[in-house]
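Below, chains carry the letters A, B, ... as their sequence lines are ordered, and counting in each starts from 1.
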2 protein chains.
Amino acid sequence: MDKKQAILKSVLKLVNREGFYHLNMKNIAKEANVAAGTIYLYFKGKEDLINALYSMIVNEFNQHVLQGYEDEKPVKENFYDMLNNAIEFYLTQPDNFSFIEQYTYAPFLFKENQNDNFLLLSPIYKMMSVGKKEGVIRNIPDSILLSLIHGPMNTIIKLHLAHKTDLNKRGAKQKFFDAAWSAIAVV
Amino acid sequence: MDKKQAILKSVLKLVNREGFYHLNMKNIAKEANVAAGTIYLYFKGKEDLINALYSMIVNEFNQHVLQGYEDEKPVKENFYDMLNNAIEFYLTQPDNFSFIEQYTYAPFLFKENQNDNFLLLSPIYKMMSVGKKEGVIRNIPDSILLSLIHGPMNTIIKLHLAHKTDLNKRGAKQKFFDAAWSAIAVV
DNA sequence: TTTCTAAAAATGAACGTTCATTCATTTTTT
DNA sequence: AAAAAATGAATGAACGTTCATTTTTAGAAA
């Protein structure tokens, strides 16, 4: 039994269930079936623990999003695939979504990783630059393009998880993809 | 001197500066130039205080966003105006943005208002329904439309405030508006 | 205007609780 | 039996809230 992983899983579960605000070491230990002191054998402290979890999730996310990505494919196809991968990642692991969101919006909590926040999106930058070169994606600043991809994705996932919409309904995802593509595509 | 307002302003400033995680009553009091006990003359406690601030900002936001809105105007014009109003509101008062974001992503922190989260967007729903009826806005679920409006706006503001883009640069806003409109408009 | 006084507002030290972290001791592994 | 891993009670700091006391306010009386 890997206690380090158990502890990380425990944090993920608790942050999702009760938020950062109520996260405390005793509960983390209990949920992971270890003693409170054990956590300090694997992590320097609470901050280190949370930063480690963040890094882990970002890595998993990047890896998952890039599945099936190939430079040879049309940009539009890669775009659909990546968006699909991203949504699938978060819908099947909503705890990850909740954690990343809360972490991102906690200024000065764990400054160390704050520059990595947008690192989450590195695969997307690659696709944008190719698309612009080929003339299929609008020639506007990357940051605006980014907001047109990342923003809707974030919100639609949030709405889905809050049961305000259902992305699994037939055609829903496709409609979303088409609309998102319209925002960044050359008319 | 209105102490109640001073306390609310103090919370806003501190949440923006150090996040919810480090927010404590002693600092709120110090920043507002009142004694710790004074806060309890105006608010039941910490949660009540934060909920009150949230409600205040949501009200101000809704009011500001609707400025210039008129049913008679073309939907596209209302859309641009509202997006412009929303961005202006947050860019001129970034503390409000940071606060709302952090509040929204704090599950189980202050459940009371959680259903009001999307209330923030009530003016937008109105516009969408008219646009669909007139055939200028895609006939897709409101929730998807919402994600295509709210999402990019949120992300672009975040990027601007993080100095990753500059919405005040000539043409930047216009490009963003055009792209956002493309996402929701009938082709 | 000045003085008095009762109510309202404000104060901040004190209290009880919670929490992250430590470390002497115990358990498990090799 | 020595080393490594794990434990959890103990510690002290931090925090939200309370309330006995002080300060301010406002109106009446002189």
Polar contact flag, side-chain donor to acceptor under 3.5 angstrom, [X]-[Y]:
| X | Y | result |
| --- | --- | --- |
| A:S143 | B:T165 | yes |
| B:E18 | B:N27 | no |
| B:Y103 | B:N51 | yes |

Would you call A:E88 and A:K173 a salt bridge, taking side-chain N to carboxylate O under 4.0 Å as the test?
-> no

Under a 4.0 Å N-O cut-off, is there an ion pair linking A:D95 with A:R17?
-> no

Could you tell me the separation between the [atom1] atom of [X] and the [atom2] atom of [N], rounded to a whole number of Å?
| X | N | atom1 | atom2 | value |
| --- | --- | --- | --- | --- |
| B:H22 | C:dC19 | NE2 | C1' | 14 Å |
| A:Y21 | C:dC19 | OH | P | 10 Å |
| A:E18 | C:dC19 | CD | P | 10 Å |
| B:K30 | C:dG12 | NZ | C1' | 14 Å |
| B:I28 | C:dG12 | CD1 | P | 17 Å |
| A:Y40 | C:dT21 | OH | C1' | 5 Å |
| A:I7 | C:dT21 | CD1 | C1' | 14 Å |
| B:K46 | C:dT18 | NZ | P | 15 Å |

Could you go over nucleotides 28-30 of chain C and give all protein N or O partners under 3.5 Å, atom names and distances?
none

Rounded to 10°, the angle between the first-five-pair and last-five-pair axes of the helix from C:dT1-D:dA30 to C:dT30-D:dA1 is 10°

Nearest 0.5 Å please: distance from the CG atom of B:N78 over to the CE atom of B:M128.
-> 13.5 Å

Under 3.5 Å, which N/O atoms of the protein pair with N/O atoms of nucleotides 2-9 of chain D?
{"residue": "D:dA6", "atom": "OP2", "partner": "A:Y42", "partner atom": "OH", "Å": "2.5"}
{"residue": "D:dT7", "atom": "OP2", "partner": "A:A35", "partner atom": "N", "Å": "2.9"}
{"residue": "D:dT7", "atom": "OP2", "partner": "A:T38", "partner atom": "OG1", "Å": "2.4"}
{"residue": "D:dG8", "atom": "N7", "partner": "A:G37", "partner atom": "N", "Å": "3.3"}

Step through it carefully: locate the ring centre of B:F89, locate the ring centre of B:F97, and say whether they are under 6.0 Å apart.
-> no

Aromatic ring centroids of B:F61 and B:Y90 under 6.0 Å?
-> yes

Output a table of donor-acceptor pairs, distance under 3.5 Å, between side-chain atoms of residues 175-187 of chain B and any protein atom two or more places apart or on a different chain; print 'none' if there are none.
{"residue": "B:D178", "atom": "OD1", "partner": "B:Y80", "partner atom": "OH", "Å": "2.4"}
{"residue": "B:D178", "atom": "OD1", "partner": "B:Q174", "partner atom": "NE2", "Å": "3.2"}
{"residue": "B:S182", "atom": "OG", "partner": "A:R138", "partner atom": "NH2", "Å": "2.6"}
{"residue": "B:S182", "atom": "OG", "partner": "B:D178", "partner atom": "O", "Å": "3.1"}

Would you mind listing every salt bridge (charged side-chain N to carboxylate O under 4.0 Å, His left out) that reaches into residues 65-75 of chain A, with sequence neighbours excluded?
-> A:K73-A:D81

Reckon B:L23 touches a base, only the sugar-phosphate, or nothing at all at heavy-atom distances under 4.0 Å?
-> sugar-phosphate

B:N96: what forms a side-chain hydrogen bond (donor to acceptor under 3.5 Å, both in side chains) with it, not counting sequence neighbours?
-> B:Q93

